[in-house]
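Note sheet for the following structure.
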Amino acid sequence: MRILHICPTARLDHPIAPESLQYLGHRLDRCGAEQLQTAATVSPDADLVIADACLDLSLAPRISEMLTAAGVTAPVIVVLGEGGLATASAQWNVADFLLTTAGPAEVEARLRVARDRHLAAFSDAVRSGGPWNAEGEPMIVVTGTLRIDEGAFTAELGGRGLDLTYREFALLKFFAMHPERVFTRDEILLAVWGDDYFGGTRTVDVHVRRLRAKLGKDLENAIHTVRNVGYRFSADSVTAEADGESEPPQAETRAQAGPRTATSTEDVKA
């Protein structure tokens, strides 16, 4: 799990609160509250945010708004001391609270529950079908030469119909509705397969590979693998297919002048 740990700037080099967090093996990115205003220093891809408000209790009611401004949508857990619990409020718009003395088992459980609740809420929003037209019909997604019609359960690429299974169709529609956004395998699994699926994330990799093959070699890279994170769908790759006829002449010249082995290499790659 990737965790963004926010604490007063003065404590960046001090022990993590709660202390047991450092023994759980999660990836921790630390930054001061002031750094949230600098977008370049904050990754929006965190699975969870832990805000240490032990030394500055005023951070707790402000943290949700600060994260929204920074483009971070992950659930927030606020760390408080015993005295700070008396001020805890639902108006802070955070997922949960932790005491500095919480043990590893409690911390891990609260992290997992906060993340899973957030993913479940996200999944419900995706499965609701997203935007609908004025007639109340399912949305038609168009990205470059790719057209997905949820109502007719059809997907076309440059006028060519794609023979997709139900799950491949749902996966492609999910990617097309969220271009340029990076999703972890867990997020994709929950959004496309649902929270009642108990298989591993390996099935995501398998379906992505099959979907790439059906998109064809010109568009297989529209679904980018983000190393150690998950996948990102690039609408630019789909649009580029429509503009493919405008390739520079010199590129064609090089292809014709190249050795025969270059064609063989492309055949092997395909």
From [X] [atom1] over to [Y] [atom2], what is the distance, rounded to the nearest 0.5 angstrom?
| X | Y | atom1 | atom2 | value |
| --- | --- | --- | --- | --- |
| L146 | L162 | CG | CG | 7.0 Å |
| E187 | T201 | CD | OG1 | 12.5 Å |
| I6 | I77 | CD1 | CD1 | 12.5 Å |
| I188 | F175 | CD1 | CZ | 4.0 Å |
| L190 | R115 | CG | CZ | 9.5 Å |
| D47 | L111 | CG | CG | 10.5 Å |

Less than 4.5 Å apart, any side-chain heavy atom of [X] and any of [Y]?
| X | Y | result |
| --- | --- | --- |
| L80 | C54 | no |
| M1 | R27 | no |
| R2 | D29 | yes |

For side chain to side chain contact (heavy atoms under 4.5 Å, CB included), just list the numbers for L59 and M66, CA-CA rounded to whole Å, side-chain angles, deciding distance to a tenth of an Å, and then say yes or no. CA-CA 9 Å; L59 175 63; M66 295 169 66; 4.1 Å; yes
Please find the pair of heavy atoms, one from [X] and one from [Y], that lie closest to each other, and give the distance.
| X | Y | value |
| --- | --- | --- |
| F169 | D149 | CZ-O, 3.7 Å |
| P75 | A95 | CB-CB, 4.0 Å |
| A102 | S20 | O-OG, 2.8 Å |
| A155 | L164 | CB-CD1, 3.9 Å |
| F233 | I223 | CD1-CG1, 3.9 Å |
| H118 | T73 | CE1-O, 3.1 Å |

Distance-only polar pair, side chains of S234 and E180, donor-acceptor under 3.5 Å: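 A donor-acceptor contact under 3.5 Å links the two side chains.
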Could you tell me if T225 and R212 have a donor-acceptor pair between their side chains, going purely by distance under 3.5 Å?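 Yes, T225 and R212 have a side-chain donor paired with an acceptor closer than 3.5 Å.
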Please say which of V94, L48, N93, L4 ends up in a side chain to side chain contact (heavy atoms under 4.5 Å, CB included) with V76.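 Output: one option passes, namely V94.
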With sequence neighbours left out, which residue pairs that include part of residues 101-110 fulfil the side-chain hydrogen bond (donor to acceptor under 3.5 Å, both in side chains) condition? H26-E108, D96-R110, E106-R110
With sequence neighbours excluded, give me every side-chain hydrogen bond (donor to acceptor under 3.5 Å, both in side chains) pair touching residues 154-171.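 Found T165-E168, E168-K214.
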[X], [Y]: one ILVMFWY side-chain cluster at the under-4.5 Å cut-off?
| X | Y | result |
| --- | --- | --- |
| L172 | F153 | yes |
| I63 | L85 | yes |
| L98 | V113 | no |

Evaluate the side chain to side chain contact (heavy atoms under 4.5 Å, CB included) criterion for residues I3 and L21: first the C-alpha distance (whole Å), next the side-chain angles of each, then the deciding distance (0.1 Å), finally the verdict. CA-CA 10 Å; I3 298 174; L21 179 62; 4.1 Å; yes
For the aromatic rings, using the six-membered ring if either is Trp, is the centroid distance between W92 and F97 under 6.0 Å? yes
Before we go on, tell me: are the rings of F183 and Y231 under 6.0 Å apart, centre to centre?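 No.
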Residues joined to V226 in its hydrophobic cluster, side chain to side chain under 4.5 Å directly or through other members, sorted by chain and number, are V182, V229
With R202, which residues qualify under salt bridge (charged side-chain N to carboxylate O under 4.0 Å, His left out), at least two apart?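 With sequence neighbours excluded, R202 shows a salt bridge (charged side-chain N to carboxylate O under 4.0 Å, His left out) to D205, given in chain and number order.
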List in chain and number order the residues that pass salt bridge (charged side-chain N to carboxylate O under 4.0 Å, His left out) with E65, two or more places apart in sequence or in another chain; answer none if no residue qualifies. none
State plainly whether the residues D56 and R62 are in salt-bridge range, i.e. N to O under 4.0 Å.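 Here D56 pairs with R62 in a salt bridge, since their nearest N and O are under 4.0 Å apart.
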Listed partners of Q91 passing side chain to side chain contact (heavy atoms under 4.5 Å, CB included), at least two apart: S89
